[in-house]
> 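Just passing along the structure, written as structure tokens.
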Amino acid sequence: MEAAAKIYTSIVFPNILSGTDPHLFDLQKTMLDATLDCIKVLSVDGRLLTMNRAGCLALNVPQDSEFGMPWLSLLPEDVHQLGKEALQKAAEGHSARFQGRSESPDGLMYWDNLLTPLVDASGRVLSILCVSRDVTTKTKLEKELEESINREKLLSNEMQHRIKNLFSVVAGLISIAEKEAVRSNTQDTATQILREKLGALSRASDAVFSGIDSGVCDAGQPDLETLVRSVLQPYGDRCLIGGRQASIPRKIMTTFALFLHELATNSVKYGALSTDGGDVTIRWKADGDMLDLTWSETGGPKIAASPERRGFGSAMVDRIVQAAGGRIDRIWRAEGLVADLHLPIPAQD
């Protein structure tokens, strides 16, 4: 890029770098118009003095323009500050560089802008040469790579989170199964009860992570109560479920199930389901195009204050719910968490 700037300087101002014959001025416009780089000559105070054909097309300036307009006003507003800082640096006699962008009929374009001061023998800055090179393809590839890396990190963190939660949930289910076996009047052992709960947990995981559950996803819209009971079945009568009959579109079924699964997992680890006397009440209503569900915990460890930070699972569920246009409100009462889910019901295709 710097080498290109020197070449363009020698074309626009041949006498600055060498004693090149003045007849090259006759070829100046043709040569500069042949390049895809946007070549601009700016005054020290930032006015556009001249520009080649590629620059006119990029900035939507008529090629027969008399120029003289402020250069920064032709750039998107969000890059004005970067351009201003680069212009100031070049006006002080130093080369400067910044990343810019522009709108074109083909879409958004990204530019690498290099500003080179043109000085006289005494070192006074006469004008500024700005060479802008199209780096759209490179920039888009870098953005795609960054997004891909972020997705991989998110998937890795999510996998670690699920594995960690799985051990916590199984430990909690063992404790629940042992207590149910003691209270039961049947011959069921803790092992039998635990086996049933692990089977229910497997079915719930299908509902959460694949959106497909044989008890939920038959023809038509899934029933809301069926989905809730499917996800919370491993926790038995510790979860009190009730609400008006309603259906849930398949588009939001996984989001809804993941919300319940994450709350249940956290409750087993820290909340009402981690103690003998704790329980959870789940109530909901579907009113028009909005689904409202309340998760209330009681009987768990006393809560002195709301957590200072959210865990990975809660943050992940919040992002998914927000992406679906909904929100989660949490109230940390001393007797237990209350979480309110507000989720838009999308129209059926």
Side-chain angles (χ1 to χ4, degrees), residues 169 172-173 175-177 179-180 183-184 193 196-197 199-208 211 213-218 220-301 303 314 317-318 320-321 324 326-346:
V169 168
L173 290 180
S175 177
I176 292 174
K179 292 179 175 62
E180 287 186 9
R183 296 197 306 266
S184 175
I193 295 174
E196 293 176 357
K197 291 185 179 298
L201 181 64
S202 175
R203 293 190 295 274
S205 295
D206 287 340
V208 173
D213 181 81
S214 58
V216 177
C217 297
D218 297 329
Q221 293 192 51
D223 177 69
L224 181 59
E225 182 175 350
T226 302
L227 176 60
V228 173
R229 292 191 181 280
S230 173
V231 175
L232 300 180
Q233 184 179 350
Y235 311 102
D237 58 6
R238 304 285 297 278
C239 295
L240 310 177
I241 300 170
R244 294 182 180 179
Q245 194 281 330
S247 298
I248 182 169
R250 299 181 190 280
K251 291 181 180 179
I252 62 171
M253 186 181 72
T254 301
T255 298
F256 182 76
L258 184 59
F259 165 78
L260 291 174
H261 180 81
E262 186 63 29
L263 285 178
T265 298
N266 286 339
S267 184
V268 168
K269 293 164 67 176
Y270 314 113
L273 298 181
S274 69
T275 62
D276 292 345
D279 55 43
V280 179
T281 300
I282 302 96
R283 295 285 184 268
W284 66 82
K285 65 176 181 178
D287 185 10
D289 58 356
M290 182 64 69
L291 170 64
D292 296 304
L293 179 141
T294 299
W295 169 286
S296 301
E297 298 189 24
T298 56
I303 299 175
S314 297
V317 171
D318 283 2
I320 293 174
V321 170
R327 76 175 193 274
I328 302 173
D329 299 323
R330 295 178 178 83
I331 302 174
W332 300 93
R333 305 176 305 168
E335 58 270 27
L337 167 69
V338 175
D340 291 314
L341 171 68
H342 309 280
L343 192 63
I345 301 176

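In what follows, residues are counted from 1 in the order of the sequence shown. What you are looking at is a predicted structure, and each value in this text was computed from that prediction instead of being measured.
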> List in chain and number order the residues that pass side-chain hydrogen bond (donor to acceptor under 3.5 Å, both in side chains) with Arg327, two or more places apart in sequence or in another chain; answer none if no residue qualifies.
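Residues passing side-chain hydrogen bond (donor to acceptor under 3.5 Å, both in side chains) with Arg327: Asp329.
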> Do Tyr235 and Ser267 come close enough that some side-chain heavy atom pair is under 4.5 Å?
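In short, these two side chains do not touch, never coming nearer than 4.5 Å.
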> Is the closest side-chain heavy-atom distance between Leu263 and Leu337 below 4.5 Å?
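Result yes, sub-4.5 Å side-chain heavy-atom pair found.
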> Which salt bridge (Lys or Arg N to Asp or Glu O under 4.0 Å) pairs, counting each pair once, include a residue from residues 288-301, with sequence neighbours left out?
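Of all non-adjacent pairs touching residues 288-301, none passes salt bridge (Lys or Arg N to Asp or Glu O under 4.0 Å).
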> Using salt bridge (charged side-chain N to carboxylate O under 4.0 Å, His left out) as the criterion, list what pairs up with Arg330, not counting sequence neighbours.
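With sequence neighbours excluded, Arg330 shows a salt bridge (charged side-chain N to carboxylate O under 4.0 Å, His left out) to Asp318, given in chain and number order.
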> Check for a donor-acceptor pair, side chain of Ser230 on one end and backbone N or O of Thr226 on the other, with a separation under 3.5 Å.
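Side chain of Ser230 to backbone of Thr226, a donor-acceptor pair under 3.5 Å: no, none is there.
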> Once side-chain hydrogen bond (donor to acceptor under 3.5 Å, both in side chains) is applied, do any residues pair with Thr298, and if so which ones, sequence neighbours excluded?
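Testing Thr298 for side-chain hydrogen bond (donor to acceptor under 3.5 Å, both in side chains), a comparison that skips the adjacent residues, returns Asp279.
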> By side chain to side chain contact (heavy atoms under 4.5 Å, CB included), which residues pair with Pro344, not counting sequence neighbours?
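Testing Pro344 for side chain to side chain contact (heavy atoms under 4.5 Å, CB included), a comparison that skips the adjacent residues, returns Met290.
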> Mind jotting down which residue pairs meet the salt bridge (Lys or Arg N to Asp or Glu O under 4.0 Å) criterion with at least one end in residues 335-346? Sequence neighbours excluded, please.
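Checked against salt bridge (Lys or Arg N to Asp or Glu O under 4.0 Å) - neighbours excluded - the pairs reaching residues 335-346 are Arg333-Glu335.
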> With rounding to the nearest 0.5 angstrom, report the OG1 to CD1 distance, Thr294 to Ile282.
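Rounded to the nearest 0.5 Å, the OG1-CD1 separation comes out at 10.5 Å.
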> Mind checking what makes side-chain hydrogen bond (donor to acceptor under 3.5 Å, both in side chains) contact with Thr281, not counting sequence neighbours?
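Thr281: no side-chain hydrogen bond (donor to acceptor under 3.5 Å, both in side chains) contacts found.
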> Ala264 and Leu273: which non-hydrogen atoms are nearest, and at how many Å?
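Heavy atoms of Ala264 and Leu273 come nearest at O-CD1, 4.1 Å.
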> Do Phe256 and Leu341 have side chains that approach each other closer than 4.5 Å (heavy atoms only, starting at C-beta)?
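Yes, close enough: below the 4.5 Å cut-off.
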> Quick one: does Arg238's side chain have a donor or acceptor within less than 3.5 Å of a partner on Ala272's backbone?
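Judged by distance alone, yes, a pair lies under 3.5 Å.
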